[in-house]
Asker: 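Structure below; questions to follow.
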Protein chains: 2
Amino acid sequence: MARRQGSHSDITGPRVRAAALRLFARHGYAAVSMRQIAGEVGLGAGALYLYTPDKQTLLFSLMHDHMQELLEKLPAAAPDQDPRARLEAFARFHIRFHLDRPDLVFIAYMELRNLTPENFAVIEAMRRRYEARLEEILCAGELAGEFRIRDVKLTTMALIAMLTGVNTWFREGGRLDREGVEAIYRDLVLKAVGAE
Amino acid sequence: MARRQGSHSDITGPRVRAAALRLFARHGYAAVSMRQIAGEVGLGAGALYLYTPDKQTLLFSLMHDHMQELLEKLPAAAPDQDPRARLEAFARFHIRFHLDRPDLVFIAYMELRNLTPENFAVIEAMRRRYEARLEEILCAGELAGEFRIRDVKLTTMALIAMLTGVNTWFREGGRLDREGVEAIYRDLVLKAVGAE
DNA sequence: CTTGGAACTGAACACCTGTTCAGATAGCCT
DNA sequence: AGGCTATCTGAACAGGTGTTCAGTTCCAAG
């Protein structure tokens, strides 16, 4: 056997990535074999190498695309705008973006240690760029006298940790819906920076 | 060759656990082999099985002992005490405990998915017991009118995520010392629940 | 209807995996 | 001095790992 009916590179490629993502998130990069990924898509193991040069690149590519999308979709910095409104927008964006991509968020955090040092450096730099955007908002609010923050850097990390944590417990169809969650987190964030 | 000079079960045992902990935290459970662990301690692979029935139990044992210590050392619930003081004590305890055991905290969170379902259930139950302690404090403060909390359950999860996040960025000898970190986190927590 | 090549298979490679166990050794007790 | 046993080795087992590649099949264009 070889090429199968109706198969196309531009269909199989995304399917491979989706399967890898699912399995990496479920069981961890190191615990998932190329044969398992291939099996999920209905391929032999060898066919995967038409879509990725190797397993490491497959992981890196998933993480890199995710971080890129995160940075692109983040509302542009608007230094003239009200810091409080900017902080609210950031919190809302973060929660929505993360709730929509639980698997990607999960591996982008959990699988950092399975990246080669070079790949790790790339992802880490992107993460810092994202954090810097929040830090800038907190700085602006502090300077404008709208926030009362004891330590901007620490508060940045604390807020991101708090917001990202939403993925560890939120389940669709539970007690709260997305809007409810967004509102409560916005509330927590505003209070934590002394804006309420 | 066989038994070596000065070797004792009660010395080698802890050394095996320490090596496993270090390596699991560094590279992940699935990515670490029994031979690597044994090598770290200067043993052949077979000798490990004098100290653990298998690899899975080694991981579970590390996580279980960690969670047990967490629950034991957590200041006892004191429902008559001031909720604000109890919350401060909880935050301080959490930060200190976590800063003192970064590797254990790390694997207790990261390696949950590498536990068998039965082992996972045990650890998860312990984690919930810990979270319930914070939830109880928040409830008490809300009822006493000391806190203003929109959703106790969500706030519990958010605060724990925020506090646990300290391990992702804190490095000894950095800009802030432990006391400084504790103080700022206490501040953030109190503000988030509307106690300031 | 032929042909070019994209899409894929499956065997093979060299090596690693967790775990078992017969055998070897070193220190303690008598 | 002799023996006992806790401690450990290293080979062996059955199977899995990422990756390569010669060969096969099917589709589409000429």
Side-chain angles (χ1 to χ4, degrees), chain A residues 1-24 26-63 107 111 113-116 118-119, chain B residues 1-24 26-63 107 111 113-116 118-119:
Chain A
M1 287 151 272
R3 188 173 185 186
R4 326 250 291 285
Q5 281 206 344
S7 65
H8 290 294
S9 168
D10 47 349
I11 289 178
T12 307
R15 290 224 297 148
V16 166
R17 291 171 62 85
L21 172 60
R22 235 181 59 90
L23 289 171
F24 288 165
R26 220 67 89 220
H27 311 292
Y29 173 77
V32 172
S33 73
M34 293 301 264
R35 273 170 257 262
Q36 276 176 64
I37 299 171
E40 194 90 346
V41 190
L43 294 177
L48 292 186
Y49 291 84
L50 293 166
Y51 304 101
T52 180
D54 48 52
K55 193 188 178 191
Q56 165 72 203
T57 306
L58 183 51
L59 172 64
F60 173 69
S61 163
L62 287 169
M63 292 173 71
I107 67 158
E111 304 299 349
R113 61 186 165 175
N114 285 308
L115 292 173
T116 61
E118 307 81 40
N119 287 343
Chain B
M1 287 149 271
R3 187 173 185 183
R4 325 248 291 284
Q5 281 205 342
S7 66
H8 290 292
S9 167
D10 46 349
I11 289 178
T12 307
R15 290 223 300 148
V16 166
R17 292 170 62 86
L21 172 60
R22 236 181 58 91
L23 290 171
F24 288 165
R26 220 67 88 222
H27 310 290
Y29 173 77
V32 172
S33 73
M34 293 301 265
R35 271 168 259 259
Q36 278 176 63
I37 299 171
E40 195 89 346
V41 190
L43 294 177
L48 292 186
Y49 291 84
L50 293 165
Y51 303 101
T52 180
D54 49 51
K55 193 188 178 190
Q56 166 72 205
T57 306
L58 183 51
L59 173 64
F60 173 69
S61 163
L62 287 168
M63 293 172 70
I107 67 158
E111 304 299 350
R113 61 184 166 178
N114 285 308
L115 292 173
T116 61
E118 307 79 43
N119 287 343

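These values consider heavy atoms only, across backbone and side chains, with no hydrogens, waters or symmetry-generated copies.
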Asker: Roughly how many Å is it from CG in B/N114 to C1' in C/dG18, rounded to a whole number?
Answerer: 15 Å

Asker: Can you list everything that forms a salt bridge (charged side-chain N to carboxylate O under 4.0 Å, His left out) with A/R22? Sequence neighbours excluded, please.
Answerer: A/E40

Asker: What are the residues of residues 27-37 of chain A, sorted by number, that bring a heavy atom to within less than 4.0 Å of DNA chain D?
Answerer: A/V32, A/S33, A/M34, A/R35

Asker: What heavy-atom pair brings A/M63 and A/L115 nearest, and what distance separates the two atoms?
Answerer: CE-CD1, 3.6 Å

Asker: Under a 4.0 Å heavy-atom cut-off, which of residues 50-60 of chain A touch DNA chain D?
Answerer: A/D54, A/K55

Asker: B/T116: which residues meet the side-chain hydrogen bond (donor to acceptor under 3.5 Å, both in side chains) condition with it, sequence neighbours left out?
Answerer: B/E118, B/N119

Asker: Roughly, in whole Å, what's the span from OH in A/Y49 to P in D/dT17?
Answerer: 11 Å

Asker: State whether A/T12 places a side-chain N or O below 4.0 Å from either non-bridging phosphate oxygen (OP1 or OP2) of C/dA7.
Answerer: no

Asker: Mind running a 4.0 Å heavy-atom check of residues 14-23 of chain A against DNA chain D and sending the residues that fall below it, in number order?
Answerer: none

Asker: So, using salt bridge (charged side-chain N to carboxylate O under 4.0 Å, His left out) as the criterion, who are the partners of A/R113 when residues are at least two apart?
Answerer: B/E111

Asker: Closest approach of B/I37 and B/V16, non-hydrogen atoms and distance?
Answerer: CG2-O, 4.1 Å

Asker: What heavy-atom pair brings A/M34 and A/T52 nearest, and what distance separates the two atoms?
Answerer: CE-CG2, 4.3 Å

Asker: Please name the pair of heavy atoms, one in A/R17 and one in A/L58, separated by the smallest distance, quoted to 0.1 Å.
Answerer: CG-CD1, 4.4 Å

Asker: A/A31 and A/Q36: which non-hydrogen atoms are nearest, and at how many Å?
Answerer: O-NE2, 3.7 Å

Asker: Would you indicate whether the side-chain heavy atoms of B/Y51 and B/T12 approach each other to under 4.5 Å?
Answerer: yes

Asker: Mind listing the closest non-hydrogen atom pair of B/K55 and B/V32 along with its distance?
Answerer: NZ-O, 2.7 Å

